[in-house]
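Okay, so here's the structure we're looking at.
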Amino acid sequence: MSLTFHWFLPTNGDSRHVVGGGHGTPVGAAGRDRPPTVAYLSQIARAAEDLGFTGALTPTGAWCEDAWLTTAMVSRHTERLKFLVAFRPGFVSPTLAAQMASTFQRHSGGRLLLNVVTGGESHEQRAYGDFLDKDARYRRTGEFLEIVRELWHGKTVDLTGEHLRVEGATLANVPDPVPAVYFGGSSPIAGEVAARHADVYLTWGEPPAAVAEKIAWIRGLAARQGRTLRFGIRLHVITRDTAEQAWAEANRLLDGFDPETVQAVQAGLARSESEGQRRMLALHGGSRDGLEIHPNLWAGIGLVRGGAGTALVGSHAEVAERITEYHRLGIDEFVLSGYPHLEEAYWFGEGVLPRLEAEGLWAHPFRDPGDAGPAARVPFADAGGTPRH
């Protein structure tokens, strides 16, 4: 199976530094130099599409723009790129969510993927009117996905659950294709929901040994349900022509982390209810020392950012080697990002993807048969109409 790569749309803004916003950092505190306009996000999306990323993740939360509305707008400026839309099932009814997904599929040409985010922080959930505790939120997510999947397959649904109830729910038009469901979570109840309902299980970028354990855990749970899942990983990336250049960039980002900001962010994240966040924090312990926790795996991002806190750092060849290492464990999809997102998409797309293609691990998802790549396309013509190579 060819590897699949997704990029990221920074709907809280972009910068040459790690952008603030959410997870304890006030929006703008880390230098939000590029507002998340539709024009700029579309520029990133078009670059990702051209480089060979299959899709782009759009986050959810109070710290960023709404994912559904933003991707609906950006989709009009792209042709084939898919959108991995993060959404929280407790904020909208399952029947409406199923209808929204179906509408998105028809209007975008089948380019929707769904990243289901249960919500790990009760204080943020309460701001949206959701007062369930963490375990209850996961049980509700299971009911939600059960209803949505039945509706997507054209069934009429009657369900009275612990948290959700629908009667005679049906869709006038089912989505074609049915969107793949991406889901992550490291707690026992999250694993159970993933095993029953996910198509792709996502993990944050932990060292390979920890990722291997998590894959084995989810595979076992899914097997008991008679199901098989694909596996993906969420990482940042800093890749350059040489390792020295890549680590210089990582150190430049690190130098921009104000100690007071790091302390404040770490104090906020320490109160997180998320098991995955706890595992991320354990990788660096709030210290700037020993941040390379596995060859080319750097935990520095997690000092000032919640969620995905690790980055692949190195030469293009080294980053390709680490991707291959994760792939051997069972990871087939990589959801990547970098600061700033436009430039880093090109560093990865032009430096790493050709190496993986040469090894037979990746193929451009949008390339026409017989097209050998950019060099085989129609050459640029000068003012007199004479092609120039």
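Computed over heavy atoms, backbone and side chain alike; hydrogens, waters and symmetry mates excluded.
Closest of all the heavy-atom pairs between L283 and P207 is CD2-CD, 3.8 Å. Contact between S122 and E273 at its shortest, heavy atoms only, is OG-OE2, 2.7 Å. Taking all atoms of both residues into account, the shortest heavy-atom contact from A246 to G314 is CB-O, 3.3 Å. Here the closest heavy-atom approach between residue P354 and residue G351 is recorded as CD-C, 4.0 Å. L9 and A56 get closest at one heavy-atom pair: CG-CB, 3.9 Å.
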One pair to check against side-chain contact (heavy atoms from CB on, under 4.5 Å): V193 and V116. What are the steps and the verdict? CA-CA 11 Å; V193 173; V116 177; over 6 Å; no
Chi angles and distances behind the side-chain contact (heavy atoms from CB on, under 4.5 Å) call for I44, V74: CA-CA 10 Å; I44 296 173; V74 173; over 6 Å; no
Apply side-chain contact (heavy atoms from CB on, under 4.5 Å) to the pair H236 and R305, showing each step before the final yes or no. CA-CA 11 Å; H236 303 280; R305 185 191 189 281; 3.8 Å; yes
Please walk me through it: do R88 and R137 pass side-chain contact (heavy atoms from CB on, under 4.5 Å)? CA-CA 10 Å; R88 304 192 187 196; R137 291 198 296 270; over 6 Å; no
Could you please spell out the steps behind the side-chain hydrogen bond (donor to acceptor under 3.5 Å, both in side chains) verdict for S108 and S75? CA-CA 7 Å; S108 70; S75 70; 6.0 Å; no
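A search for ring pair (Phe, Tyr, Trp, His ring centres under 6.0 Å) contacts involving F83 returns nothing, not counting sequence neighbours. Here F144 pairs with F87 under the ring pair (Phe, Tyr, Trp, His ring centres under 6.0 Å) rule; sequence neighbours left out. When the side-chain contact (heavy atoms from CB on, under 4.5 Å) test is applied to E206, the partners found at least two apart in sequence or on another chain are T203, A210, V211, K214, R279, M280. Residues satisfying the side-chain contact (heavy atoms from CB on, under 4.5 Å) criterion with A136, sequence neighbours excluded, are L132, D133, R139, H163. Judged as a salt bridge (Lys or Arg N to Asp or Glu O under 4.0 Å), and not counting sequence neighbours, the contacts of E275 are R278.
Cluster partners of L113 are F8, L57, L84, Y182, V200, L202, V335, counting Ile, Leu, Val, Met, Phe, Trp and Tyr whose side-chain heavy atoms approach within less than 4.5 Å, directly or via other members. Chaining together hydrophobic side chains whose heavy atoms lie under 4.5 Å apart leaves L69 on its own. Hydrophobic side-chain contacts under 4.5 Å tie V174 to no other Ile, Leu, Val, Met, Phe, Trp or Tyr residue.
Between the NE2 atom of H107 and the CG atom of L112 there is a distance of 12.5 Å, given to the nearest 0.5 Å. Considering OH of Y40 and CG of L342, their distance stands at 5.0 Å, rounded to 0.5 Å. Separation of atoms CG (L114) and CE (M100) is listed at 9.5 Å; rounding is to 0.5 Å. For the atom pair CZ of R234 and CZ of F334, the computed distance is 13.0 Å after rounding to the nearest 0.5 Å. Distance CG/L254 to NE2/H17: 12.5 Å, rounded to 0.5 Å. Rounding to the nearest 0.5 Å gives a distance of 13.0 Å between OG1 of T324 and CD1 of I331.
Put simply, the side chain of L235 reaches to within 4.5 Å of the side chain of T310, judged on heavy atoms. Counting heavy atoms from C-beta on, the side chains of E343 and Y346 never come closer than 4.5 Å. Side-chain atoms of W68 and T60, non-hydrogen and from C-beta on, never get closer than 4.5 Å to each other. Between L96 and Q99, the closest side-chain pair of non-hydrogen atoms falls below 4.5 Å. Within the 4.5 Å cutoff, the side chain of V265 has no heavy atoms near those of the F257 side chain. The shortest side-chain heavy-atom distance between Q225 and L221 does not fall under the 4.5 Å cut-off. By the 4.5 Å heavy-atom criterion applied to side chains, W7 and L51 are not counted as neighbours. Between R355 and V352, every side-chain heavy-atom pair lies at or beyond the 4.5 Å cut-off.
F91 and V117 are not part of a single hydrophobic cluster, where members link through side-chain heavy atoms under 4.5 Å apart. Note: the hydrophobic cluster containing L159 also contains W152 (ILVMFWY, side chain heavy atoms under 4.5 Å, direct or indirect links). Criterion: ILVMFWY side-chain heavy atoms under 4.5 Å apart, direct or through other members. Under it, W347 and L312 are not part of a common hydrophobic cluster. No chain of hydrophobic side-chain contacts below 4.5 Å, direct or via other Ile, Leu, Val, Met, Phe, Trp or Tyr residues, connects L356 to F366.
Within 6.0 Å of CD in E359 there are more than 12 heavy atoms belonging to other residues, nucleotides or ligands.
At least one donor-acceptor pair under 3.5 Å links the side chain of E124 to the backbone N or O of A62. Within the 3.5 Å criterion, the main-chain N or O of A363 finds a donor-acceptor partner in the side chain of S2. Here the side chain of N296 pairs a donor or acceptor atom with the backbone of V313 at under 3.5 angstrom. Listed for the E333 side chain is no donor-acceptor partner under 3.5 Å among the backbone atoms of Y201. Judged by distance alone, the side chain of D332 and the main-chain N or O of L3 form no donor-acceptor pair under 3.5 Å. Side-chain N or O atoms of S102 include none that pairs as donor or acceptor with a backbone N or O of A98 at under 3.5 Å. At least one donor-acceptor pair closer than 3.5 Å links the side chain of R227 to the backbone N or O of A198. Formation of a donor-acceptor pair under 3.5 Å by the Q105 side chain with backbone atoms of G109 is not found in this model. Within the 3.5 Å criterion, the main-chain N or O of H341 finds a donor-acceptor partner in the side chain of D14.
Ring orientation note: the planes of W247 and W298 are nearly perpendicular, at an angle over 60° on the 30°/60° scale. W362 and H364 have tilted rings, their planes meeting at an angle from 30° to 60° on a 0 to 90° scale.
Among pairs with a residue in residues 235-244, those fulfilling salt bridge (Lys or Arg N to Asp or Glu O under 4.0 Å) read R240-E344, at least two apart in sequence or across chains. Legend: salt bridge (Lys or Arg N to Asp or Glu O under 4.0 Å) pairs involving residues 170-183, not counting sequence neighbours: none detected. Sequence neighbours left out, not one pair with a member in residues 62-85 passes salt bridge (Lys or Arg N to Asp or Glu O under 4.0 Å). Sorted by first and then second residue, the salt bridge (Lys or Arg N to Asp or Glu O under 4.0 Å) pairs with a member in residues 186-199 read R149-D199; sequence neighbours excluded.
Using a cutoff of 4.0 Å between basic side-chain nitrogens and carboxylate oxygens, R140 and E143 are not scored as salt-bridged. Salt-bridge check for E49 with R46: failed, with every basic side-chain N at 4.0 Å or more from each acidic carboxylate O.
Donor-acceptor pairing under 3.5 Å is lacking for the side chains of T58 and T71. Checking H6 against T54 by side-chain atom types alone, no donor-acceptor pair falls below 3.5 Å. Between the side chains of R230 and T4, not a single donor N or O lies within less than 3.5 Å of an accepting N or O.
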